[in-house]
Every structure is written in structure tokens, then in C-alpha cells.
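Position 1 is the first residue of the sequence, and the numbers go up from there.
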Amino acid sequence: MNLIANFAVLASRRTIFDLPVCDLGWDDALVFINELASIPVGQTVVCFVNAHNMLTTLRDDEYYRIMSHNLVLPDGIGLNIASQIAHGAPFPANLNGTDFVPAFLTFMEAPRRIGLIGGTRTVVEAAAENFRRHTPWHEFVVVSDGYFDKVDPTDVIEELERQKVDILIVGMGTPLQEKWVHNNIRADHARLVLTVGALFDFVSGAVPRAPKTVRMMRLEWAYRLLQEPTRLWRRYIVGIPVFLFHVLRYRFRRRERILSYPEEHGSALQPRSDHKKAS
């Protein structure tokens with residue numbers, strides 16, 4: 001991430017499981033990422049994390065390290081609950097990729113060449129076509145579907161170099177997409193990279209989204225569970241209670257670490273101790 005992005009993350013973030021997550025509202029996030037897209041140097045990778053992603057960071061050190069260097073935005077009610085417990089307030093906005101990316105494309109008035117990688121060929125092409133209808137001033141290029149050799153993606157990288165995109169949107173699922181981007185996508189490939197999970201499925205119409213009322217009630221996860229119970233039951237039925245357990249565990253362990261700091265680093269508070277004895 002470039003220096004400007006690093007500064008913004010440091011200035012406006014909350015840690016969840018020791019991972020810094022931006023606490024920007026919708027307007028500020030759109031303005032900020034639009035500015036990042038205009039910077040002619042460096043590279044910023046934008047990721048969207050929900051409760052499932054956060055649990056993955058606990059058991060996958062490589063994924064955690066990669067995410068620590070990315071610009072992380074909060075996705076879903078689970079992150080709000082974690083923020084309420086850990087910091088006393090929910091995040092200002094639910095910046096889930098399914099809503100945020102189309103909004104960002106609309107907000108971004110300067111025409112950009114945008115590459116897409118992920119999904120099946122049919123899905124990613126349909127997503128590109130719907131993106132073109134949504135924001136016709138941008139140019140959308142299908143670089144590749146998501147079914148390529150991840151160990152040797154030479155053909156995909158060569159195609160990406162040939163296409164010369166400004167922004168790259170990668171939808172291959174977590175943590176694969178973040179690891180693949182980290183290991184393969186350089187700044188000269190794209191200055192701004194968005195890792196978006198199942199976004200192409202929704203944009204293409206291959207997977208229906210929850211009705212607007214359900215989304216406003218923050219129950220889209222329940223709708224998705226009903227749509228795909230076999231694939232998602234473990235993530236939600238098991239994952240949500242486990243996530244809440246770890247949120248509480250981190251909250252109390254953080255308090256223990258703070259309270260134990262004087263004992264472990266006694267010299268830092270020694271002057272006060274000496275003063276008390278002297279009095």
C-alpha cells in the first residue's frame with residue numbers, strides 16, 4: 001500500500017482481532033478510494049472483511065499478514081457487533097463489496113479501464129456487460145475467469161499486462177483471492193485492486209440478492225443461508241457463535257494485556273512508584 005493509504009488507515013481505523021479495519025462512512029470511503037485510484041504511484045489493495053474472513057485470520061497467519069498490508073473495509077453485522085464490544089460503537093457504515101463496488105464505479109466520474117478476473121466465463125462476461133450498462137463511461141475488460149492454474153498463472157498475467165488496466169477487480173473467494181493478488185499483481189499491473197468475493201455472481205444475476213427490506217434489516221446472511229444451506233450452514237450456524245466467542249475472548253484478553261503491562265514493563269512506571277514511596 002502506498003504512503004497516503006497507510007496514513008489514512010492509521011488515522012481512521014479500529015482493530016478487530018488485531019487487524020486494522022477502516023471506520024470510514026460511505027461518503028468518506030468513496031472519496032478516499034477515488035483519490036487512491038488517481039494516484040500515479042504505488043498500489044492499494046482494497047478488501048472487504050466479514051465475520052468469516054476475520055475467523056480465517058485467526059487460523060491462517062499468511063492471510064493475516066497480507067490483510068494487515070491491505071485497506072480493509074467492514075462488511076456485515078458481525079463486524080458491527082465486534083466493534084461495539086471492542087470499541088464501544090458500531091462501524092459508521094456497512095461497506096460490503098456487493099453494494100460498495102457498484103457505488104464506487106458510479107461515484108468515480110473519470111473514465112477508467114477496469115479489468116475483471118474471477119467466476120466462470122459466463123458469469124464474469126455477464127458481470128462485465130452489466131457493469132457497462134451501469135457505468136458506460138468506464139471500459140470493462142474480462143482478463144480471465146477464475147478457473148486458471150493458480151500455481152502458474154503466466155497466461156493470465158501476460159493478458160493483464162497486455163490489457164493495461166487502471167483498476168483490477170478480482171473475485172475468487174477468500175482467502176485465495178487476497179493471497180493470489182499479493183503474490184502475483186504488481187503496481188504496474190493495476191494501481192488499485194479490489195478483492196470482491198462473490199460479487200460477479202450477484203452482478204451477473206447468477207445468484208439473486210436478498211430483497212432490499214431484508215438487506216436493510218441486516219439479514220442478508222440469513223437469506224443467503226436459505227438459498228445455499230449445504231454450502232453456507234457451517235459458516236453461519238457454526239461460524240457466528242464461534243466468531244462472537246473470539247470477539248469476547250479478545251476483548252477480555254486485551255484488558256488483561258493492558259493491566260499486566262506495568263508488571264511486564266515495570267521501569268516505565270517506576271518514577272510514579274518511587275514518588276508514592278517518597279510521599
With hydrophobic residues grouped by side-chain heavy-atom distances under 4.5 Å, do I66 and Y64 end up in a single group? no
Any donor and acceptor pair, going by atom type alone, linking the side chain of N80 with main-chain N or O of F91 inside 3.5 Å? yes
Which value, rounded to the nearest 0.5 Å, describes the distance between F104 atom CZ and L95 atom CG? 12.5 Å
Which is it for V247 and F243 under the side-chain contact (heavy atoms from CB on, under 4.5 Å) test, yes or no, and what are the steps along the way? CA-CA 6 Å; V247 168; F243 174 72; 3.7 Å; yes
F148/W180 under ring-ring contact (aromatic ring centres under 6.0 Å, His included): CA gap, chis, key distance, verdict: CA-CA 12 Å; F148 58 87; W180 187 82; 5.3 Å; yes
Could you walk me through whether T106 and H134 satisfy the side chain to side chain donor-acceptor pair (under 3.5 Å) test, starting with their C-alpha distance in whole Å, then the side-chain angles of each, then the deciding distance to 0.1 Å, before giving a yes or no? CA-CA 8 Å; T106 305; H134 178 70; 2.7 Å; yes
Shortest non-hydrogen pair, V151 vs D149, comes out as N-OD1, 2.9 Å
Looking at R65 and E178, is there a salt bridge between them, counting it only when a charged N and a carboxylate O are closer than 4.0 Å? no
Do F202 and V142 sit in one hydrophobic cluster, given that two such residues count as connected whenever their side-chain heavy atoms are within less than 4.5 Å of each other, even indirectly? no
For A51 and L79, work out which heavy atoms get closest and say how close. N-CD2, 3.5 Å
Show, in sequence, the C-alpha distance, side-chain angles and deciding distance for L73 and V49, and conclude whether the side-chain contact (heavy atoms from CB on, under 4.5 Å) test is met. CA-CA 6 Å; L73 302 182; V49 295; over 6 Å; no
For residues I157 and H189, determine if any side-chain heavy atom of one lies less than 4.5 Å from a side-chain heavy atom of the other. yes
Please lay out, stage by stage, how S38 and R112 fare under the test side chain to side chain donor-acceptor pair (under 3.5 Å). CA-CA 10 Å; S38 303; R112 301 290 182 184; 3.2 Å; yes
Examine distances only and state if a side-chain atom of R113 and a backbone atom of Q163 form a donor-acceptor pair shorter than 3.5 Å. yes
Looking only at heavy atoms, the pair that brings N184 and P153 closest together is OD1-CG, 3.4 Å
Could you tell me whether the side chain of F245 reaches within less than 4.5 Å of the side chain of Y250, counting heavy atoms only? no
Check whether V170 and I185 end up in the same hydrophobic cluster, where Ile, Leu, Val, Met, Phe, Trp and Tyr are linked by side-chain heavy atoms less than 4.5 Å apart. yes
I'd like to know if the side chain of R191 and the backbone of D166 have a donor-acceptor N/O pair within less than 3.5 Å. no
To the nearest 0.5 Å, tell me how far D60 CG sits from M67 CE. 11.0 Å
Would you compute the distance between atom SG of C47 and atom CG of L71 and round it to the nearest 0.5 angstrom? 8.0 Å
Those residues that, when tested against S83, pass side chain to side chain donor-acceptor pair (under 3.5 Å) (two or more places apart): R14
dist N70:CG -> T195:OG1 (nearest 0.5 Å) comes out at 7.0 Å
Partner set under side chain to side chain donor-acceptor pair (under 3.5 Å) for T120, not counting sequence neighbours: none
For V123 and A206, the nearest pair of non-hydrogen atoms, with its separation, is CG2-CB, 3.9 Å
Same hydrophobic cluster for L248 and V242, using side-chain heavy-atom links shorter than 4.5 Å among ILVMFWY? yes
Classify the ring geometry of H138 against F140: parallel below 30°, tilted from 30° to 60°, perpendicular beyond 60°. perpendicular
Any donor-acceptor N/O pair, N34 side chain to M108 backbone, under 3.5 Å: no
CA sep, side-chain torsions, deciding dist, call: F107, W26, side-chain contact (heavy atoms from CB on, under 4.5 Å): CA-CA 11 Å; F107 182 85; W26 264 90; over 6 Å; no
Can you tell me how the ring of F17 sits relative to the ring of H246, calling it parallel under 30°, perpendicular over 60° and tilted otherwise? perpendicular
Please walk me through it: do V141 and L116 pass side-chain contact (heavy atoms from CB on, under 4.5 Å)? CA-CA 6 Å; V141 178; L116 309 181; over 6 Å; no
Given the options V124, L192, I114, I169 meets side chain to side chain contact (heavy atoms under 4.5 Å, CB included) only with I114
Minimum-distance pair of heavy atoms, taken over all atoms of I167 and A190: C-CB, 4.3 Å
Atom CG of D27 with >12 non-hydrogen neighbours under 6.0 angstrom: no
Once rounded to the nearest 0.5 Å, what's the spacing between atom OG of S144 and atom CD of E158? 12.5 Å
Please check: side-chain N/O of Q177 versus main-chain N/O of G173, any donor-acceptor pairing under 3.5 Å? yes
Atom pair CD1 (I16) and OG1 (T57), whose distance is rounded to the nearest 0.5 Å: 10.5 Å
Using modelled atom types only, decide if a donor and an acceptor are shared between the side chain of N53 and the backbone of N50 within a distance under 3.5 Å. yes
Do you know the tightest heavy-atom contact between A93 and P74? O-CG, 3.8 Å
Under the side chain to side chain contact (heavy atoms under 4.5 Å, CB included) test against V193, which residue among V45, I117, T44 passes? V45
So, are E62 and K179 salt-bridged, with charged N and O less than 4.0 Å apart? yes
Any chance you could lay out the side chain to side chain donor-acceptor pair (under 3.5 Å) test for R186 and Q43, step after step, and finish with the verdict? CA-CA 8 Å; R186 304 188 306 267; Q43 181 187 65; over 6 Å; no
Residue set satisfying side chain to side chain donor-acceptor pair (under 3.5 Å) with R121, at least two apart, ordered chain then number -> none
Any side-chain heavy-atom pair from L19 and S68 closer than 4.5 angstrom? yes
Following the transitive rule for hydrophobic clusters with a side-chain heavy-atom cut-off under 4.5 Å over Ile, Leu, Val, Met, Phe, Trp and Tyr, establish whether V207 and F48 coincide in one cluster. no
Has K164 got more than 12 heavy atoms of other residues, nucleotides or ligands less than 6.0 Å from its NZ? no
For the pair T135 (side chain) and W137 (backbone), establish whether a donor and an acceptor sit closer than 3.5 Å, ignoring hydrogens and angles. no
Got a donor-acceptor contact below 3.5 angstrom from the H87 side chain to the T15 backbone? yes
Donor-acceptor pair, N94 side chain versus G76 backbone, under 3.5 Å? yes
